[in-house]
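Structure first, commentary second.
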Amino acid sequence: MARIATLTTGCMESILSGVDIDKPVVQILGSKKIPGPEGTDRLRLLVSDGKHLNSFAMLATQLNDLHAKGELDENTIVRLDRYCTSMVNKSEKGDRRVLVILELTVLTSGLQVGKKIGTPVPYTGEPQKPASNVSKPAPSAATPSSNTSNGSAFGSRPTAASPYGASNGSSFGRNAAPSTQGGQQLTHPIASLSPYQNRWVIKARVTAKSGMRSWSNAKGEGKLFSMDLMDESGEIRATAFRDAADKFYDLIEVDKVYYISKCQLKSANKQFSTLNNDYEMTFTNETTVQPCDDDESCIPKMQFNFVPIAQIANIEPKAAVDVIGVCKETGEIQRFTGRTNNKEFIKREITLVDSSNASVALTLWGDDAVNFDGHVQPVILVKGARVSEFGGGKTINLGVGSSMKINPDIPEGHKLRGWFDNGGGDEIQSNVSTRSAAGGGSFNTEWLTFHEAQLKNLGADDKPDYFQVKAVIHMVKATNATYKACPQPDCNKKVIDEENGMYRCEKCNQSYTNFKYRLLINMSVADWTSNRWVTCFNEIGEQLLGKSAQEVGRDIEEQGEAALQTMNFKSYVFKLRAKMEMFGDVGRNKMTVMNISPVNYKEYNRHLIKDLQELTGIGKV
DNA sequence: CCCCCCCC
């Protein structure tokens, strides 16, 4: 019979009084689901060290699946590889220290153990004074309680008059500064933060910081800035509005470590955040931020997952990538007015190269563009650069959630510097931003619905916009679907029927005895949001009808409108161009079919699933 | 309380 793991007897008392015990071994005696927002249940465990019970052990949500798989059943013995304690201001009766389990290893299954080990009793004592030696816990000041002696800890009310209560100076909530125990700052992992506990201090590194931004809408106006925070356990987005924005803007610096407490926690809107956290936080007037001037080595440095520039070619638009390269070329500042909101934009495109012997265009915006100095060809690191596609080439953008570092002091940076200074940048073989040759498929093929295309004001001016849509043809305008064109192979100009058997081409300045039919079909296509009249020219029309233009022309002569009816009620993926075209004095937003292809349902569904994930945050990785 | 992230 397999050995049953030994419990770390007495560890609960130490842990609950703030003493760090390395990887304690405990037994799970029960669990209870606490419903959270958006289906994010949290599990509350009853754990025992053989001596004491703790009914306020919370499982970090990322471990929920262990429970779902039945690996945390009653009597299971586990090792707590990573945990933290956290004060919860539970009620008027005082605070409670909760054990948050971040990582664990199952040592012996509940089935194998088969019984409760020892005769543990609920831990009711006040937390002991910090002890440097676990084996000599300070005697706890007993605060006996009538309802915690029965072992059925679930449902029992907090009883201890906690020294961390509001009247006590060492409370996290009370003190702006984090309290210290044994010379170490007591902090909470970001992964353990939730709206259900408001007394915490995190020690976090700023990985990104936005500029100060103003907004003005129906609900009011104001300004804000946001930042991304990271520690060993996870990451979270924080935003400061108005006064708080002013108060903290200068203090917050990218890459620095801060103690932060008293922020509001709320559910993150997954539509706008790629960070791996169900919550985000808001700085309030109560918020305290202290630069960390002690040991920050426990907070990981920014992590980078560098993508070689040559590989950016294979990355989907909108994805975020970490890129490091040497700025080989620096473009001029460009200013333009946004199409949808008349906003003034400033951008600058620079070219990065790396030892994958490829180059990519990086677009800087606003102040980053204005202040950029590329004449020394610095090494540029961008964390979370946003990939976009234009004309079949990929570019990267410094967008929201991206941060740029110039000449970063990291090995990859020094390596690139050496590579470039020894002529490495002279042999660049490919530019992933190169647009494919004009004509054919040189356009951005973002998936949009007709409704979205309208919202984005696509084709609102004389510059074309391109997108693709899955739609069905449901109405074909039969009149003038064909025209008689110049018979010369290179000329498709409409000819004038001279009514004498001759057809005159003004372009070629010549009359012919024959002509060729060309297609110019206007049709209404619809997706699930609305419909548009679009125009398709010869080759697309031939594809849709499965016949040559000549055959179609003759069919129409013989059958009239019926000749085009076979087009109806078929679905395709349409690549469309939207562009404002002038007819006399009147501008008309015209859509032209550039390309049709049968619906590849696998690909289309992939797009839909991605859309759903972005909208709901469900299943996002 | 933002949630715009652009342009060729």
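Just so it is clear: chains get the letters A, B, ... in the order the sequence lines come, proteins before strands, and each one is counted from 1. Small disclaimer: the values here were computed from a predicted structure and weren't measured.
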> Are Lys575(A) and Glu446(A) close enough, and set up right, to give a salt bridge (Lys or Arg N to Asp or Glu O under 4.0 Å), and what steps lead you there?
Replying inline: CA-CA 9 Å; Lys575(A) 294 192 176 176; Glu446(A) 183 185 11; over 6 Å; no
>> Applying salt bridge (Lys or Arg N to Asp or Glu O under 4.0 Å) to Glu253(A) and Lys256(A), what does each step give before you reach the verdict?
In response: CA-CA 6 Å; Glu253(A) 286 179 58; Lys256(A) 294 215 166 145; 3.2 Å; yes
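Contact between the side-chain N/O atoms of Arg237(A) and the OP1/OP2 oxygens of dC3(B) is not found at any separation under 4.0 Å. Under 4.0 angstrom from either OP1 or OP2 of dC2(B) there lies no side-chain N or O belonging to Asn269(A). In this structure, Trp365(A) does not reach the dC5(B) phosphate: none of its side-chain N or O atoms is under 4.0 Å from OP1 or OP2.
Residue pairs that meet the ring pair (Phe, Tyr, Trp, His ring centres under 6.0 Å) test with at least one member in residues 219-257 of chain A, sequence neighbours left out, are Trp215(A)-Phe241(A), Phe225(A)-Tyr249(A), Phe248(A)-Phe283(A). Sequence neighbours left out, the pairs with a member in residues 322-336 of chain A that pass salt bridge (Lys or Arg N to Asp or Glu O under 4.0 Å) are Asp322(A)-Lys383(A).
Shown for residues 239-250 of chain A: residues whose heavy atoms fall under 4.0 angstrom of DNA chain B, namely Thr239(A), Phe241(A), Arg242(A). Near DNA chain B, meaning a heavy atom under 4.0 Å from it, residues 220-229 of chain A has Leu224(A) in order of number.
Between Leu398(A) atom CG and dC7(B) atom P the separation is 17 Å, expressed in whole Å. Between the OH atom of Tyr466(A) and the C1' atom of dC8(B) there is a distance of 11 Å, given to the nearest Å. Straight-line distance from the CD1 atom of Ile396(A) to the P atom of dC5(B): 19 Å, rounded to whole Å. Distance, Lys209(A) NZ to dC2(B) P: 21 Å, rounded to whole Å. Distance CG (Leu455(A)) to P (dC4(B)): 11 Å, rounded to an integer number of Å. For the pair Asn397(A) CG and dC8(B) P, the computed distance is 14 Å after rounding to whole Å. As rounded to whole Å, 17 Å separates atom P of dC7(B) from atom CZ of Arg335(A). Between the CD atom of Gln264(A) and the C1' atom of dC1(B) there is a distance of 10 Å, rounded to whole Å.
Residue ring and nucleobase are stacked for Phe390(A) and dC8(B), with a centre distance beneath 5.5 angstrom and an angle between planes beneath 30°.
Evaluation of the side-chain hydrogen bond (donor to acceptor under 3.5 Å, both in side chains) rule for Gln311(A) yields no partner, not counting sequence neighbours. Every residue two or more places apart in sequence or in another chain that forms a salt bridge (charged side-chain N to carboxylate O under 4.0 Å, His left out) with Asp228(A) is listed here: Arg237(A). Residues meeting the salt bridge (charged side-chain N to carboxylate O under 4.0 Å, His left out) test with Lys223(A), sequence neighbours left out: Asp246(A). In this structure, the side chain to side chain contact (heavy atoms under 4.5 Å, CB included) partners of Arg205(A), at least two apart in sequence or on a different chain, are Met230(A), Asp255(A), Val257(A), Glu296(A), Ile299(A), Lys301(A). In this structure, the side chain to side chain contact (heavy atoms under 4.5 Å, CB included) partners of Thr363(A), at least two apart in sequence or on a different chain, are Lys347(A), Glu349(A), Trp365(A), Asn397(A).
Checking dC4(B), dC1(B), dC8(B) against every side-chain atom of Lys347(A), the shortest atom distance belongs to dC8(B).
When the shell of 6.0 Å around NE2 of His414(A) is examined, it contains more than 12 heavy atoms from other residues, nucleotides or ligands.
Between the side chain of Glu280(A) and the base of dC3(B) there is at least one donor-acceptor pair of N/O atoms closer than 3.5 Å.
Nearer the 5' end of DNA chain B, as judged by each residue's closest nucleotide, is the contact made by Met281(A), out of Met281(A) and Thr363(A).
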